[in-house]
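Structure, as structure tokens:
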2 protein chains.
Amino acid sequence: MSTIFGNRLRTFREKLQIPQRKLASVLEIDTATYCKIEKGDRRAKREQVVTLAELLQTDAKELLRLWSADKVYDLIADEDEAAQILNVVAENITHYKRQKSKI
Amino acid sequence: MSTIFGNRLRTFREKLQIPQRKLASVLEIDTATYCKIEKGDRRAKREQVVTLAELLQTDAKELLRLWSADKVYDLIADEDEAAQILNVVAENITHYKRQKSKI
DNA sequence: CTAAATTTGCCAAATAACGTCAAGACAAAA
DNA sequence: TTTTGTCTTGACGTTATTTGGCAAATTTAG
């Protein structure tokens, strides 16, 4: 499992010298669960990401981006044409946005 | 749900004038299930995509790419920074590949 | 209209993801 | 060495999601 997100979490947390226990309690989850989130064994909930951004004094949007990226990464990391897949998605995303803006 | 993949399936199938019933029977699934795959209500299995590529006389890699893209699309289509998310993933994918090739 | 093809809603089974507990590793402090 | 605090891991039961099929409805073609 990917750790783009979890690693960032850990970096920020260590910089602020906050124990996992502390963040876990604010999120109202077990320290084991929080540990797994950092390690990429469990997925944080969107809500939790926002809370974590506050606690770690970082930009929520940025953190959410990594959080999403993690999920995408896990989905295609094993594919040998991962990069091309991203291109296909990118094309379709922009197409959609164009349509949407016309309405 | 996305239909990047399903639409392609349908296009090819109609071009060859094959009824869903036929493809479904080769895949050994219900026609309803196959229908849902084309509509994007169900996900085809990787194996099935390969089989479908044969039946529809098209490139399996290409079809698999769309199949994967569909999954990614569904994951991030609702995000307002979808495009940026893809960039993050792309960076991490290439990083990984660089490392891998060094080994 | 009739028949074939496609689509939909719903269900039960299978699968995946979840959170917690208990046990353990590790390092720093006593 | 024993203790203390932090982090990590595996196993387990629970919950959520996904799956395939059936039956019924709808659409399409002849």
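Just so we're on the same page: letters track the sequence lines, and every chain starts at 1. When reading the values below, keep in mind they use all heavy atoms of this one structure, side chains included, and skip hydrogens, waters and symmetry mates.
- The side-chain contact (heavy atoms from CB on, under 4.5 Å) test with Tyr73(A) is passed by exactly one of Ile85(B), Val88(B), Val72(B), Asn92(B): Asn92(B).
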What side-chain donor-acceptor pairs closer than 3.5 Å can you find for residues 22-30 of chain B, not counting sequence neighbours?
from, atom 1, to, atom 2, distance (Å)
Ser25(B), OG, Lys22(B), O, 3.1
Asp30(B), OD1, Ala32(B), N, 2.8

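- Looking at residues 10-26 of chain B, you'll see Arg10(B), Arg13(B), Pro19(B), Gln20(B), Arg21(B) sit with a heavy atom under 4.0 Å from some atom of DNA chain C.
- Contact record, Ala44(B) with Trp67(B): O-NE1, 2.9 Å, taken as the closest heavy-atom pair.
- Within the structure, salt bridge (Lys or Arg N to Asp or Glu O under 4.0 Å) contacts touching residues 10-20 of chain B (residues at least two apart or in different chains) are Arg10(B)-Glu38(B), Arg13(B)-Glu38(B).
- Sorted by first and then second residue, the pairs that involve residues 40-59 of chain A and meet salt bridge (Lys or Arg N to Asp or Glu O under 4.0 Å), not counting sequence neighbours, are Arg43(A)-Asp74(A), Arg46(A)-Glu79(B).
- Of all heavy-atom pairs spanning Ala60(A) and Ala53(A), the tightest one is CA-CB, 3.5 Å.
- For Asn7(B), the side chain to side chain donor-acceptor pair (under 3.5 Å) test picks out Thr3(B), with sequence neighbours left out.
- With sequence neighbours left out, the side chain to side chain donor-acceptor pair (under 3.5 Å) criterion links Ser2(A) to Asp70(A).
- Between Ala82(B) and Ile93(A), the shortest heavy-atom contact is CB-CD1, 3.8 Å.
- When all heavy atoms are compared, the tightest approach of Thr31(A) to Arg21(A) is CG2-CA, 3.7 Å.
- Between chain B and DNA chain C, the heavy-atom contact criterion of under 4.0 Å yields a 5' to 3' nucleotide range of dA5(C) to dC10(C).
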**Prompt:** Reading nucleotides 18-29 of chain D from the 5' end, what letters show protein touch, with B for base, S for backbone sugar-phosphate only, - for no heavy atom under 4.0 Å?
**Reply:** -BBBBB------
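- Per the geometry, NZ belonging to Lys39(A) stands 13 Å off C1' belonging to dT6(D), to the nearest Å.
- Taking five base pairs at each end of the helix from dC1(C)-dG30(D) to dA30(C)-dT1(D), the local helix axes there meet at an angle of 30°, rounded to 10°.
- In plain terms, the two heavy atoms of Leu55(B) and Leu16(B) that are nearest each other are O-CD1, 3.9 Å.
- Distance CZ/Arg65(A) to CD1/Ile4(A): 12.5 Å, rounded to 0.5 Å.
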